[in-house]
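Values below: all heavy atoms of this structure, side chains included; hydrogens, waters and symmetry mates excluded. Just so it is clear: chains get the letters A, B, ... in the order the sequence lines come, proteins before strands, and each one is counted from 1. Quick caveat: nothing in here was measured; it's all calculated off a predicted structure.
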Amino acid sequence: MTLTTTPIGHTGGVVAQRNVAPPERLAMVRILVSAYAVVWLAFALPGIAGLTDAGAARWHPVGVLAWLDTPLASGWLWLFVALTFGAGVAFAFGAGARVTGPIFAAAFLVVTTYRSSWGQIFHTDDLVALHLIVLALAPAADAWSVDLRRHSGRGAPARRYGWPLLLMSIITVLAYVLAGWAKLRTSGLDWITGSVLRDQIAQDNLLKELFGAPSSPLASTVLSHAWLFPPMAAFAVLVELGAPVALLGGRWRDVWVGAAWLFHLGILVLMTTFFPYQLSGVAYASMFRAERLPRTLVAPFRR
Amino acid sequence: MRVRSTPRYAGIAVIVAVALLVLSPALRASPRDGFPLSNYPMFATDVGREARVDTAVGLRTDGSVERLSPRLVTGTDEVILAASTVTNAVAAGPATAAGLCAEIAGRVAASRADIAQIRLATETYDAVDYFDGQRTPAGVDVHAVCPVP
């Protein structure tokens with residue numbers, strides 16, 4: 001029996017589906033993540049450009065740039081930015097994906113690492129960079145791609161389309177688990193029962209006020225009610241440490257993704273910290289039957 | 001013959017390897033932050049109510065304080081980046097603090113004629129009380145003051 005005849009489960013969970021997926025699912029995730037990364041870069045570009053004038057004393061390299069004692073020369077930076085845009089658009093369309101995918105993932109990693117090498121690590125970019133690496137190494141252009149038009153016809157559902165999605169989902173889940181674990185490891189149960197979250201939100205908003213940036217309009221109101229914070233902290237840790245249930249699929253996944261989305265919405269409202277990858281839903285696309293998205297979007301207009 | 005699937009065990013091995021890689025920053029004896037692999041330490045620490053914030057502000061000729069935007073401090077719109085830039089400069093010593101002060105003054109000169117000086121300082125507040133209306137710092141420890149050209 002070939003894997004192409006393996007039935008796809010009905011729960012929609014990456015585990016429950018035994019890792020078999022149609023090529024369109026992986027292709028849709030490729031399109032979503034690539035499009036997100038390209039649009040994100042367009043918005044982040046002014047901030048990145050502002051860093052090129054920064055003094056070398058501010059350079060605190062991390063990750064793949066950790067070996068650089070001095071800031072990456074602006075010429076190299078703009079080359080990587082151009083590669084990210086060019087290869088990113090090509091990869092989103094599935095054009096030359098075996099080449100453009102790795103170039104896109106590598107260039108995006110360099111650009112985002114550069115952005116995080118000036119004293120602030122932007123954890124909002126972590127998952128995107130990791131997901132792009134998985135997609136770059138996966139057969140993500142076997143459907144809905146320019147490459148497909150040039151070569152063979154439609155592929156059948158197979159594990160090779162499911163494994164990358166499972167891997168992306170596991171990376172997503174682990175990121176949440178690590179964040180939850182860090183809280184309990186660092187502060188113990190006090191993080192939930194004590195005033196840690198309240199103090200964090202107060203200090204974060206204070207920092208914004210002192211640097212002339214908008215703080216949360218709800219900060220004053222919420223911070224005056226200390227009793228609100230233990231339930232909010234418990235919810236946050238439950239979402240983070242409970243992330244593995246998303247791999248079960250079905251309602252477990254739906255409830256967790258909904259809770260995680262609310263968690264990020266709460267961070268936005270209370271701390272004016274924006275997690276666009278999560279709030280746009282793209283971060284969770286690998287957990288769903290993403291190939292149905294076009295039909296779902298078009299359906300209301302067909303009635 | 002076209003291979004249609006990745007062997008199951010190879011796939012599992014890859015997933016286990018990647019999972020260990022993602023978990024690696026937290027599995028170290030002393031977990032450390034990084035990019036894109038991180039132990040996600042943000043918001044984990046009990047920072048307490050007392051906030052000691054390294055700031056860069058503008059001073060008018062009458063001595064009043066004008067909060068500077070992250071763009072004037074660092075050239076970008078990121079608050080935390082601006083704050084960490086000031087903190088790193090203060091931690092590096094008077095010469096570095098003076099250098100950043102002059103860098104900010106250069107940016108301010110182009111857009112804010114009302115600001116006469118830049119001041120790098122550590123301001124102390126009760127972060128919760130600040131949002132209850134107590135906005136005067138409990139302490140201001142000045143590290144550098146420089147004129148706006």
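Looking at T273(A), neither its backbone nor its side chain comes within 4.5 Å of chain B, counting heavy atoms on both sides. The contact between V86(B) and chain A is made entirely by side chain atoms (from C-beta outward), counting heavy-atom distances below 4.5 Å. Looking at I121(A), only its side chain comes within 4.5 Å of chain B, counting heavy atoms on both sides. With a 4.5 Å cut-off on non-hydrogen atoms, D54(B) touches chain A through its backbone but not through its side chain. Only the backbone of E50(B) comes within contact range of chain A, with heavy atoms under 4.5 Å apart. Residue contact with chain B, scored on non-hydrogen atoms closer than 4.5 Å, is absent for S224(A). If you measure heavy-atom distances from A129(A) to chain B, the contacts under 4.5 Å come from the side chain alone.
Using a 4.5 Å heavy-atom cutoff, the side chains of V22(B) and L178(A) are in contact. Using a 4.5 Å heavy-atom threshold, the side chains of D46(B) and W191(A) count as separate. Between R115(A) and F35(B), the closest side-chain pair of non-hydrogen atoms is not below 4.5 Å. Looking at R58(A) and N88(B), their side chains never come closer than 4.5 Å, going by heavy atoms from C-beta outward. In this structure, I80(B) and L207(A) have side chains that are in contact, with non-hydrogen atoms separated by less than 4.5 Å.
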**OP:** Could you give me the CA-CA distance, side-chain angles and deciding distance for Q200(A) and M42(B), then say whether side chain to side chain contact (heavy atoms under 4.5 Å, CB included) is met?
**Re:** CA-CA 10 Å; Q200(A) 284 278 3; M42(B) 62 280 194; over 6 Å; no
**OP:** Take L37(B) and L130(A) through the test side chain to side chain contact (heavy atoms under 4.5 Å, CB included) and record every step on the way to the result.
**Re:** CA-CA 9 Å; L37(B) 301 175; L130(A) 293 171; 4.1 Å; yes
Original post:
Can you list the steps and then say if F43(B) with M271(A) is a side chain to side chain contact (heavy atoms under 4.5 Å, CB included)?
Top reply: CA-CA 11 Å; F43(B) 313 131; M271(A) 304 173 85; 3.3 Å; yes
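A 6.0 Å sphere centred on CG of L189(A) holds no more than 12 heavy atoms belonging to other residues, nucleotides or ligands. Crowding of W59(A) atom CH2: a count of heavy atoms from other residues, nucleotides or ligands under 6.0 Å exceeding 12. Other residues, nucleotides and ligands place more than 12 heavy atoms under 6.0 Å from the CZ atom of R60(B).
For the residue pair Q120(A) and L81(B), the shortest heavy atom distance occurs at OE1-N, 2.9 Å. Annotation for L223(A) and V128(B): closest pair O-CG1, 4.2 Å, computed over non-hydrogen atoms. Among all heavy-atom pairs drawn from A83(B) and F211(A), the shortest one is CA-CZ, 3.6 Å. The minimum heavy-atom distance linking A182(A) with N39(B) is given by the pair CB-O, 3.4 Å. Closest approach of P41(B) and H123(A) over heavy atoms only: CD-NE2, 4.4 Å. Listed here is the closest heavy atom pair of E103(B) and A54(A): OE2-CA, 4.5 Å.
Of the listed residues (S220(A), G47(A), A226(A), G188(A)), the greatest number of heavy-atom pairs within a distance under 4.5 Å of chain B belongs to S220(A). With chain A as the partner, the residue from V73(B), D126(B), T85(B) showing the most heavy-atom pairs under 4.5 Å is T85(B). Annotation: maximal heavy-atom pairing with chain A below 4.5 Å, among D77(B), T45(B), V14(B), V53(B), occurs at T45(B). Of the listed residues (V18(B), D33(B), T87(B), D132(B)), the greatest number of heavy-atom pairs within a distance under 4.5 Å of chain A belongs to D33(B). Heavy-atom pairs under 4.5 Å with chain B peak, among L206(A), V62(A), I171(A), at L206(A). When D53(A), D125(A), L65(A) are compared by the number of non-hydrogen pairs under 4.5 Å with chain B, D125(A) comes out ahead. For chain A, the option among T55(B), L68(B), L21(B) with the highest count of heavy-atom pairs below 4.5 Å is L68(B). Comparing A89(B), A92(B), G133(B), S38(B) by heavy-atom pairs within less than 4.5 Å of chain A, the highest count is held by S38(B). Counting heavy-atom pairs closer than 4.5 Å to chain B, the top-ranked of the candidates S117(A), A49(A), A175(A) is A175(A). The candidate from A213(A), A57(A), S116(A) with the greatest count of non-hydrogen atom pairs under 4.5 Å with chain B is S116(A).
Between E209(A) and R67(B), no side-chain nitrogen of the basic residue sits less than 4.0 Å from a carboxylate oxygen of the acidic one, so the salt-bridge criterion is not met.
Between the side chain of Q203(A) and the backbone N or O of G48(B) there is at least one donor-acceptor pair closer than 3.5 Å. With hydrogens and angles ignored, the 3.5 Å screen pairs a side-chain donor or acceptor of R185(A) with a backbone N or O of A26(B). Between the side chain of W118(A) and the main chain of T74(B), no donor-acceptor pair closer than 3.5 Å is present. With hydrogens and angles ignored, the 3.5 Å screen pairs a side-chain donor or acceptor of S187(A) with a backbone N or O of A44(B).
Side-chain contact of N205(A) with Y130(B): a donor-acceptor pair under 3.5 Å is absent, judged by distance alone.
Rounding to the nearest 0.5 Å gives a distance of 9.5 Å between CG of L174(A) and CG of L20(B).
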